Amino acid sequence: MRYDFAAVEKKWQKIWEEKQVFAAKQDYTLPKFYPLIEFPYPSGQGLHAGHPRPYTALDIVARKRRLEGYNVLYPIGWDAFGLPAENYAIKNNVHPKSVTEQNIKRFTQQIKSLGLSFDWSREINTTDPNYYKWTQWIFLQMFKHGLAYKKEMAVNWCTSCKVVLANEEVVGGRCERCSGEVVRKVKSQWMLAITKYAQRLLDDLDEVNYPERVVASQKNWIGRSEGALVNFDTTAGDVLQIYTTRPDTLFGATYMVMAPEHPLIEKWQNLISNLDEVRAYQEEAARKSDFERTEVAKDKTGVRLMGVNGVNPVNGKEIPIFISDYVLVSYGTGAIMAVPGHDQRDWEFAQKFNLPIVEVVKGGDITQHAYEDCDHGVMVNSGMLDGLTVEEAKKKIIAWLEEQGKGEAKVNYKLRDWVFSRQRYWGEPIPIIICPKCGYVPVDEKDLPLTLPEVESYKPTGDGESPLAALEEWVNCTCPKCGGAAKRETDTMPQWAGSSWYYLRYCDPHNNEALASREALEYWTPVDWYNGGMEHTTLHLLYSRFWHKFLYDIGVVPTKEPYARRTSHGMILGENGEKMSKSRGNVINPDDIIAEYGADTLRLYEMFIGDFEKAAPWSSESIKGCKRFVERLWNLQTMCVEGDAYSPKLESSIHKTIKKVSEDIENLKYNTAIAALMSLLNEIYDAKQLNHAEYKTLLILTNPFAPHVTEEAWERMGFGGMITDQKWPAYDEEKCKDSTVEIVVQISGKIRARLSVSATASKEELLRLARENAEVAAALEGKQILKEIVVPGKLVNFVAK
RNA sequence: GCGGAUGUGGCGGAACUGGCAGACGCGCCAGACUUAGGAUCUGGUGUCUCCGACGUGCAGGUUCGAUUCCUGUCAUCCGCACCA
């Protein structure tokens, strides 16, 4: 009985689409479930084997939930703004819009061939003006609430894209997208004040169910630290403020270091006797990217500012000031105090420049190296702090600094505000008008969307302006406030913008009055289960949580957090165990797999390949096992007989399998769920018997994994209706238990026998049975039993000498 | 340097709360059926010096008992902003 997967899969995909089987219901009285995958960027390469893994995983959950009676919203859309489409458009002289449309077409066809139960009626696209109208609207609200502001700052300039990148987008000193060299350049940028939400982004991690490693990376990224600002007087007369997490070690501060860009250096230029040397160092530092500057380097470079000294506030001692590029102007105050006795980096620096090293926490030998493990020691050489513990000293010195007006306690975050401008064409125009009289004026909300105009060339101007800047007709406008001549902002938003709120639009995608109706948001949010890649656990997740919290504050969304649960999938690697990429030539195209084996087999294999959360290499051999499973499941039709109750022979196994599969799906254990289904199938073939009740249950259980073959077999068996209308099977905990269990008998931890006993056997009975066993008795002959350990249902262990 | 993970047969991977290591699948071996087999079915398959031992990166420890807990160590992968 041949199984024609190609015809069957096409048939059911058509039926599902025509009958709108997977459209979320408008009935808000039903219990809801909202699973979400990260919507794809429709790249020119099309789908690769990695895409179906997360899509299938949540498809399995979505299908199971529907059978359990939930109203499920499993949506799909396109994160379609971004550089690759624009770069392709520039290269091939086509409109990025048409490139994007083509790519979406291909992705749609590919995704549909996987038999995923997406609600296509809610498809969204971030480049659709009806969508980005609301992206712009959110930006305007942020602007009106003072969260969007313009700032002149040193930014990462990609020399290849000719575009400014967020710090977060710079990877390894290179542009995350094009790998171009990144240098520093000063530019006026739109910024979003994510740092105002730092504490809440940290605190509310307690309210969500994220994997530990994701929580850790969010916390690390936000980087909260408690410390103090300390004001050092200088011989130049100015106050040089530093931030430290260790104010208790202030007596050990024997020099200071400033960032090369620190503004006080300009002020002091007439006092600095080695200005040439300082200037040369500054220039060198400016050429380096942040990454290069902060890269681990054995030799810490630096130049002393000759002519200006700092004054340590606790003892009035004059100490030298250096500039060094490892101190960043963007973190803390751009200046630090150095405590060489307790920081190995400072210690080495002090050795090199022959600076004093003072021990202020007892315990180490500072003549050999810095004593860094000093979080809980006792203070020495520290005047008023002597004899105190580190904890006490911190409190006392902060109180003293505050009293003296020399400093204050301060919580600091590593998190920086979000650079939101891009000098590119293919993004949402920032809806701001720059008026010579009124300053930055928001575009009137009724004029949204502010659509992207047609341009001749998509190339950035190369001088740091967007291609839009060349369009005089578009740029010149009137100020909505005073009616005078004004110009439009020509920067566009980063790709992160559209993806920061897309899950809200799915709730009500065709609404023209609001980003989504309050009613729809009340019902559907938060997202119940959001799965995505580990690569998005800091940037996208943090940005998205930030936007959501802002929308909560202004009363648009009803929940504090967007995603109740987050999970992450591992990558599918190429057959050689390396990351799949065009350049490595190890890309697996799902189209080829579907043509050869069918979508059900592909889905099963993607889930069976290994632990869902870990990376796993593709194997074109292993997938055959999943194809055999599909065919063996199909062939059961020929041996299936009438019967409306489970047979005694299979009953227990079926209940166990229902339990195992049900639980595994919830716990991301798709691989062992499939293994359990395979085991049951093997058992059926061994037993050479199967009735309708049993086959029905097996088909429903397998349906979320392999939806096409199960529907077709269901129909051919004449079971009535479609599987999508059935109920997820229930199991009876009592029937999952075996009546007899195998007990291991050990002697001093070594297995000597196995006994088949009643599951309810008492400890005494087990001991008796174990002793009566011939092999055990022989092995115990002449030995003294020191101890007897009995674990019911598991083992008996005689400790003997 | 910091942070996070991972290490189990020829391969992908299982193993609840410390209790039978290797489920399930691939591959391989043997057999059946076949003109044929890269199809299907049946059986076998951790290693070795094979009536017994040894085995979860390595070395210790705790325990009657450790893949699981502890200490140290090695290797690999991922992330990073020397964060003061």
Side-chain angles (χ1 to χ4, degrees), chain A residues 2 167-168 170-172 211-214 216-217 219-221 223 225 227 242-247 249 253 256-257 289-291 293-298 300 324-328 330-339 342-346 412-416 534-535 537-538 570-571 573 575 577 579 604-605 608-611 613-626 628-629 631-632 635 663 669 671-682 685 741-751 753-754 786-791 793-800:
Chain A
R2 212 178 80 84
N167 288 322
E168 293 89 332
V170 181
V171 175
E212 205 40 58
R213 57 184 176 157
V214 173
S217 71
K219 281 185 178 168
N220 274 340
W221 199 263
S225 67
I242 60 103
Y243 173 74
T244 177
T245 55
R246 292 302 299 268
T249 63
M256 304 177 78
V257 186
S289 67
D290 267 16
F291 181 82
R293 287 177 51 161
T294 55
E295 202 173 24
V296 185
K298 285 279 170 270
K300 300 307 175 192
S324 182
D325 61 9
Y326 75 84
V327 174
L328 301 178
S330 54
Y331 183 78
T333 61
I336 62 166
M337 67 177 195
V339 184
H342 300 278
D343 182 303
Q344 187 61 20
R345 189 187 60 223
D346 293 347
N412 211 20
Y413 301 92
K414 292 188 216 169
L415 185 69
R416 298 170 198 165
M534 274 305 283
E535 68 273 21
T537 51
T538 41
M571 258 186 295
L573 306 170
E575 289 211 66
K579 202 172 159 176
L604 281 163
Y605 182 56
F608 187 61
I609 195 166
D611 185 336
E613 298 187 272
K614 289 186 200 142
W618 182 267
S619 163
S620 41
E621 284 299 315
S622 286
I623 191 172
K624 289 176 185 168
C626 293
R628 285 177 197 144
F629 172 74
E631 282 170 355
R632 278 156 62 82
N635 288 333
E663 289 174 357
K669 301 266 183 193
N671 53 339
T672 52
I674 293 169
L677 291 167
M678 287 173 167
S679 291
L680 180 61
L681 189 64
N682 290 343
Y685 273 101
V741 288
E742 194 172 79
I743 293 284
V744 174
V745 183
Q746 298 180 330
I747 293 171
S748 300
K750 298 216 185 236
I751 296 160
R754 292 164 209 273
L786 302 175
K787 204 170 172 185
E788 293 166 341
I789 291 142
V790 184
V791 183
K794 297 251 161 84
L795 59 64
V796 175
N797 187 10
F798 297 107
V799 184

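Note that the structure is a prediction, hence the values are computed from the model and not measured. Chain letters run A, B, ... following the sequence lines, proteins first, then strands; residues in each count from 1.
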Could you check if a side-chain atom of Y685(A) sits within less than 4.5 angstrom of a side-chain atom of N635(A), using non-hydrogen atoms only?
yes

Between L604(A) and I674(A), the two heavy atoms sitting closest are O-CD1, 3.5 Å

Does R632(A) put a side-chain nitrogen or oxygen below 4.0 Å from OP1 or OP2 of C41(B)?
yes

| task | May I ask you to say what A615(A) touches in the nucleic acid, namely base, sugar-phosphate or nothing, with a heavy-atom cut-off under 4.0 Å? | result | sugar-phosphate

Side-chain contact check for T244(A): nearest option of C24(B), G19(B), A84(B) is A84(B)

Pairing partner of G19(B), by Watson-Crick or G-U wobble and under 3.5 Å for both distances, is C64(B)

Here the distance between atom P of A84(B) and atom OH of Y413(A), to the nearest Å, is 14 Å

Rounded to whole Å, NZ of K614(A) lies from P of U8(B) at a distance of 10 Å

**Prompt:** Mind checking the P distance from A84(B) to U73(B)? Whole angstroms is fine.
**Reply:** 25 Å

(request) Return no unless some side-chain N or O of R628(A) is found under 4.0 Å from OP1 or OP2 of C26(B). (result) yes

In whole angstroms, the gap separating C1' of G79(B) from CE of M571(A) amounts to 12 Å

Using Watson-Crick geometry (N1-N3 plus N6-O4 or O6-N4) or G-U wobble (N1-O2, O6-N3), each under 3.5 Å, A32(B) is paired with U40(B)

Residues A253(A) and M337(A): closest non-hydrogen pair is CB-SD, 3.9 Å

- Query: Given the C1' atoms of A23(B) and C69(B), what is the spacing between them in whole Å?
  - Reply: 24 Å

Discussion item. For the residue pair Y243(A) / S225(A), report whether a side-chain donor-acceptor contact shorter than 3.5 Å exists.
Written reply: yes

Side-chain atoms of S679(A) come closest, of G13(B), A84(B), C24(B), to C24(B)

With syn meaning chi within 90° of zero and anything else anti, the base of G43(B) is anti

Q: State whether N220(A) places a side-chain N or O below 4.0 Å from either non-bridging phosphate oxygen (OP1 or OP2) of G4(B).
A: no

Any side-chain heavy-atom pair of K787(A) and N797(A) under 4.5 Å
no

- Tell me what Q746(A) touches on the nucleic acid: a base, only sugar-phosphate, or nothing, going by heavy atoms under 4.0 Å. base

Against the side chain of T672(A), the closest entry in A84(B), A23(B), G25(B) is A23(B)

By the Watson-Crick or G-U definition, both distances under 3.5 Å, C80(B) is matched with G1(B)

When I623(A) and K669(A) are each assigned the nearest nucleotide of RNA chain B, the 5'-most assignment goes to K669(A)

To the nearest angstrom, the CG-C1' distance between L795(A) and G19(B) comes to 5 Å

Testing G12(B), G19(B), G25(B) for proximity to the side chain of P617(A), the answer is G12(B)

query: Considering only heavy atoms from C-beta outward, does the side chain of V799(A) approach that of I789(A) to under 4.5 Å?
result: yes

>> Quick check on C11(B): is either OP1 or OP2 less than 4.0 Å from any side-chain nitrogen or oxygen of S622(A)?
In response: no

Inset, instruction - Take atom C1' in U67(B) and the same atom in G13(B), then report the distance between them in whole Å. - result: 14 Å

W221(A) CH2 to G4(B) C1', in whole Å, measures 14 Å

How is D611(A) classified with respect to the nucleic acid when contacts are heavy atoms under 4.0 Å: base, sugar-phosphate, or nothing? sugar-phosphate

**Request:** Please work out if S619(A) contacts a base, only the sugar-phosphate, or nothing of the nucleic acid, heavy-atom cut-off 4.0 Å.
**Result:** nothing

The answer to which of G223(A) and I789(A) contacts RNA chain B further toward the 5' end, by nearest nucleotide, is I789(A)

Inter-nucleotide P distance (G43(B), U49(B)), Å rounded
29 Å

Looking at every strand, decide which applies to N797(A) at a 4.0 Å heavy-atom threshold: base, sugar-phosphate, or nothing. base

- For atom P, what is the distance between U71(B) and U62(B), given to the nearest Å? 15 Å

Note to self: Does a side-chain N or O of K414(A) approach OP1 or OP2 of A81(B) to a distance below 4.0 Å, or not?
What the structure shows: no

Which of G4(B), C20(B), C24(B) is nearest the side chain of V744(A)? It is C20(B)

Item to complete: Between G25(B) and C70(B), how far apart are the P atoms? Round to whole Å, please.
Response: 34 Å

Using Watson-Crick geometry (N1-N3 plus N6-O4 or O6-N4) or G-U wobble (N1-O2, O6-N3), each under 3.5 Å, U56(B) is paired with none

Between the main-chain N or O of V339(A) and the side-chain N or O of D346(A), is there a donor-acceptor pair closer than 3.5 Å? yes

Atom CZ of R213(A) and atom P of C2(B) are separated, to the nearest Å, by 22 Å

- Task: Look at all strands and tell whether N682(A) reaches a base, only sugar-phosphate, or nothing, counting heavy atoms closer than 4.0 Å.
- Result: sugar-phosphate

As its Watson-Crick or G-U partner within any shown strand, both distances under 3.5 Å, G10(B) has C26(B)

Report yes or no: do S619(A) and E575(A) form a side-chain donor-acceptor pair below 3.5 Å? no

When rounded to whole Å, the CZ to C1' distance for the pair F608(A) and G13(B) reads 8 Å

Between CG of L573(A) and P of C77(B) the distance, given in whole Å, is 13 Å

With sugar-phosphate meaning primed atoms plus P, OP1 and OP2, does S217(A) contact a base, only sugar-phosphate, or nothing at under 4.0 Å between heavy atoms? nothing

